[in-house]
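Below is one structure; the comments refer to it alone.
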Amino acid sequence: MKPRILVIGNTYLQTDFFVPSLPVSGYATQAESCNEWVSGRGAMSALCASKLGALSILAGRAGEDFTGRRIRDYLHSSGVDVRFFNMTRKQKTGLCTVVHSGTGSESTIDFAGANASFVMKDVEDAFTSKPDAVYLHFDVAYEVAVASARLAKLKHIPLFLSASPIKRNFPFEQIEEVNTVFLDEEEVYQYTRVKVDSMEGCMKAAVLFQNKTGAKCVVIKRKEKGIFLNYGKYYKAIQSYALKPIDNIYRNGYADAAFDIAFIDDYMKRKLYDHACEYANVVGTLTAASEGGLEAVPDKEAILKFAKVNCPELFSNTREEERLIGEKRGI
């Protein structure tokens with residue numbers, strides 16, 4: 001049974017320019033290359049959900065303009081349910097421009113556009129899709145995040161929370177009954193002032209965040225140091241795989257989104273935090289180690305092939321293998 005995952009978050013059209021060096025005031029420089037892609041935590045997560053086989057629903061906004069229509073068509077053609085991805089004539093579609101210089105520096109310009117007009121009514125409408133799980137990002141307004149959490153609680157729908165981007169003054173006390181919260185090392189430190197470079201630090205940070213959110217499960221992503229998983233009285237450290245991440249413009253966004261969505265997808269099918277985190281670790285690793293954005297997210301066959309060699313216990317029975325292959329073929 002494919003879970004219906006409602007993703008709540010922002011959508012942008014991002015353009016990346018690659019230049020030898022940043023121009024000084026009054027001068028122009030010739031870009032060596034450029035790239036254009038759909039970004040924003042909401043859009044990337046919804047795309048990953050569809051790619052990984054879940055029923056993906058995106059709640060967000062874009063402008064009723066050429067760019068917004070292009071994004072909506074791309075999302076729809078990628079299998080995302082866009083009935084609640086609303087278009088507005090009052091705002092332009094959100095845009096992001098990043099200039100990468102040969103010296104390693106970057107300059108970023110964000111234009112929120114229609115994302116800023118995403119309101120509680122949009123969330124209420126999206127919940128009529130009857131999702132099995134809600135995946136919420138902190139890139140939406142405070143009131144939208146709180147309303148999403150309250151609706152999830154009222155309708156008894158598991159809420160999965162990405163505490164990104166960092167909002168230090170976020171009213172966590174207004175969010176109740178979080179199923180799982182996802183954080184990386186920097187986010188943990190900014191919210192708790194605890195460094196997670198040891199098991200003791202991980203334990204302390206997890207308890208602090210459980211107290212902040214009431215989360216049943218806390219997942220801390222520590223890059224090459226692996227994943228720390230804490231759920232109730234139990235915890236587990238999951239080692240990273242020896243695959244070198246590819247340093248490209250998509251890596252962090254799509255690898256993080258793929259990990260979180262894989263976790264949600266697997267948890268909703270099995271209700272096992274351990275297995276969900278092991279599965280997500282495989283998906284996130286393969287995504288980070290592959291070229292491209294959405295193209296880097298592995299299909300079921302690639303996941304199964306990697307797992308057979310590196311973690312055979314993940315899919316240790318033939319029925320599971322048949323199910324995965326069946327999903328890939330649309331059976």
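The figures here come from the full heavy-atom set of this structure, side chains too, leaving out hydrogens, waters and symmetry mates.
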CG/Leu136 to OG/Ser148 distance, rounded to the nearest 0.5 angstrom? 5.0 Å

Per-pair distances, 0.1 Å, donor-acceptor, side chain in residues 43-55, under 3.5 Å, sequence neighbours excluded:
residue: Ser45; atom: OG; partner: Arg41; partner atom: O; Å: 2.8
residue: Ser45; atom: OG; partner: His137; partner atom: NE2; Å: 3.0
residue: Ser50; atom: OG; partner: Ser78; partner atom: O; Å: 2.6
residue: Lys51; atom: NZ; partner: Leu294; partner atom: O; Å: 3.1
residue: Lys51; atom: NZ; partner: Val297; partner atom: O; Å: 2.6

Just wondering, are more than 12 heavy atoms of other shown residues or ligands nearer than 6.0 Å to NZ in Lys204? no

Report yes or no: do Tyr135 and Asp260 form a side-chain donor-acceptor pair below 3.5 Å? yes

Show me, pair by pair, the donor-acceptor contacts under 3.5 angstrom made by side chains of residues 108-121, not counting sequence neighbours?
residue: Asn115; atom: OD1; partner: Thr11; partner atom: N; Å: 3.0
residue: Asn115; atom: ND2; partner: Thr11; partner atom: O; Å: 2.9
residue: Asn115; atom: ND2; partner: Ala112; partner atom: O; Å: 3.1
residue: Ser117; atom: OG; partner: Arg61; partner atom: NH1; Å: 3.3
residue: Ser117; atom: OG; partner: Ala114; partner atom: O; Å: 2.7
residue: Lys121; atom: NZ; partner: Asp125; partner atom: OD1; Å: 2.9
residue: Lys121; atom: NZ; partner: Asp125; partner atom: OD2; Å: 3.1

Would you kindly say whether Tyr273 and Asn230 are connected by a side-chain donor-acceptor distance under 3.5 Å? no

Asp73 and Arg69 ion-paired at < 4.0 Å: no

Should Arg83 and Asp81 be marked as a salt bridge (Lys or Arg N to Asp or Glu O under 4.0 Å) after you check the CA-CA gap, both sets of side-chain angles, and the distance that decides it? CA-CA 6 Å; Arg83 288 177 297 159; Asp81 184 340; 2.8 Å; yes

So, Tyr231 versus Asp274: side-chain donor-acceptor pair below 3.5 Å or not? yes

Partner of Glu185 under side-chain hydrogen bond (donor to acceptor under 3.5 Å, both in side chains), picked from Lys221, Lys225, Gln190, Lys223, is Lys225

Is the backbone N or O of Cys34 less than 3.5 Å from a side-chain atom of Asp16, with the two atoms forming a donor-acceptor pair by type? no

So, Tyr267 versus Tyr279, ring centres under 6.0 angstrom or not? no

